[in-house]
Amino acid sequence: MPELPEVETIVRGLAPRLKGAKIGRIRVLFPPLLRRTSGPALRELEGKRILGTGRRGKLALIRCEGGRTLVFHLKMTGQFLFARRGALPDKHTRLVIPLSGTGGDLHFRDIRKFGFMCFLGPASPSPEIDGLGPEPLGIGRGDFAEILESRRGAVKSLLLDQRAIAGIGNIYADEMLFRAGIHPLTRGSSLGEDRAKVLWRSMRAVLREAIARKGSSIRDYAGPDGEPGGFQERHRVYGREGEKCLRCGSPIRRIRVGGRSSFFCPRCQRPV
DNA sequence: ATATGCACCTGTGTGC
DNA sequence: TGCACACAGGTGCATA
């Protein structure tokens, strides 16, 4: 479900209520949630305070006392919800973190069970984090152009490759390619300096606007307070197959790129 | 290196 | 409270 703008919205929404709260006895309702964890025992967290939240790529981070960090990947359907203390978790809730000092519990739900959580100690290695490419809102034009230049595959696949750039998913890849006027199958190495620069600008513009609008809610995404995003109203190609391009009127097309649905305007995004 | 297809799961929408 | 199938904001792996 969530890409960078959604995860950013989520961790920002979590911060005010999590910051300073003390962690109680964590309940893991779906043990495979921890399948990627080899760090210190979760019990160590009991009684520790939460210092704040953060994000790296699509990973949501909850930073705790003692250099301990909870790392969540929400994959397609993961979400956080604030619940009343002791509220009965529903069938899709995989983890309950009681928060003393706030009078409530934090629930992690995940319908499809793809998501995972890692528990990192002060010096725990984290392949999930270390393997990520640079942040799209942190990388400069030049470095971005170099990444594009180094790849012979479809630029759409490159944008989705988290080791190349971290945080972009299917919606935002399509949206930034449309705004840059680039066909999703264009080879990274054939873009050239000028179009690399245009894509860099489009990437920043799309992600920034999406964050400002609190992400895209097209099926079931909502923030921890249940607030949906509004960026879906601004989608110009994603999910619009057959509808008119808002710029030129041509019907939006859908093709498969790297196994993912890819929406584009055949006239505004000409193949090279 | 790059591409493809499947696997991991559950739910929803569509067409028959 | 029919049934089959396609598809979904994401990876990870095995195979060409």
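- Residue Arg151(A) places no side-chain atom within donor-acceptor reach of the base of dA1(B), judged by atom type and a 3.5 Å distance cut-off alone.
- Using cut-offs of 30° and 60° for the angle between ring planes, the Phe72(A) and Phe108(A) rings count as tilted.
- Heavy-atom distances under 4.0 Å link DNA chain C to Gly169(A), Asn170(A), Ile171(A) of residues 166-185 of chain A, given in residue order.
- Contact between the side-chain N/O atoms of Thr77(A) and the OP1/OP2 oxygens of dC9(B) is not found at any separation under 4.0 Å.
- Between Arg256(A) and dA6(C), a side-chain N or O to OP1/OP2 separation shorter than 4.0 Å is absent.
- Between Glu6(A) and Ser216(A), the shortest heavy-atom contact is OE2-N, 2.7 Å.
- At the heavy-atom level, Gly259(A) lies nowhere under 4.0 Å from the strands shown.
- For Phe114(A) and dT11(C), the ring-to-base geometry does not satisfy the stacking test (centroid distance below 5.5 Å, interplanar angle below 30°).
- Close to dG10(C), at under 4.0 Å from its OP1 or OP2, lies a side-chain N or O of Arg260(A).
- For the OP1/OP2 pair of dG12(C) and a distance below 4.0 Å, the side-chain nitrogens and oxygens of Arg36(A) include at least one atom meeting the criterion.
- Across Leu120(A), Leu61(A), Ile97(A), Ile50(A), a single residue satisfies side chain to side chain contact (heavy atoms under 4.5 Å, CB included) together with Leu70(A), and that is Ile97(A).
- Judged by distance alone, with hydrogens and angles left aside, the side-chain atoms of Glu46(A) form no donor-acceptor pair with the main-chain N or O of Ile26(A) at under 3.5 Å.
- At dG10(C), none of the side-chain N or O atoms of Gln162(A) fall inside 4.0 Å of OP1 or OP2 (strictly under the cut-off).
- When the P atom is used for both dC9(B) and dC3(C), the distance is 24 Å, rounded to whole Å.
- Proximity of His92(A) to the phosphate of dT10(B): no side-chain N or O atom is located under 4.0 Å from OP1 or OP2.
- For the OP1/OP2 pair of dA7(B) and a distance below 4.0 Å, the side-chain nitrogens and oxygens of Lys75(A) include no atom meeting the criterion.
- Taking only side-chain nitrogens and oxygens, Lys58(A) comes nearer than 4.0 Å to OP1 or OP2 of dG10(C).
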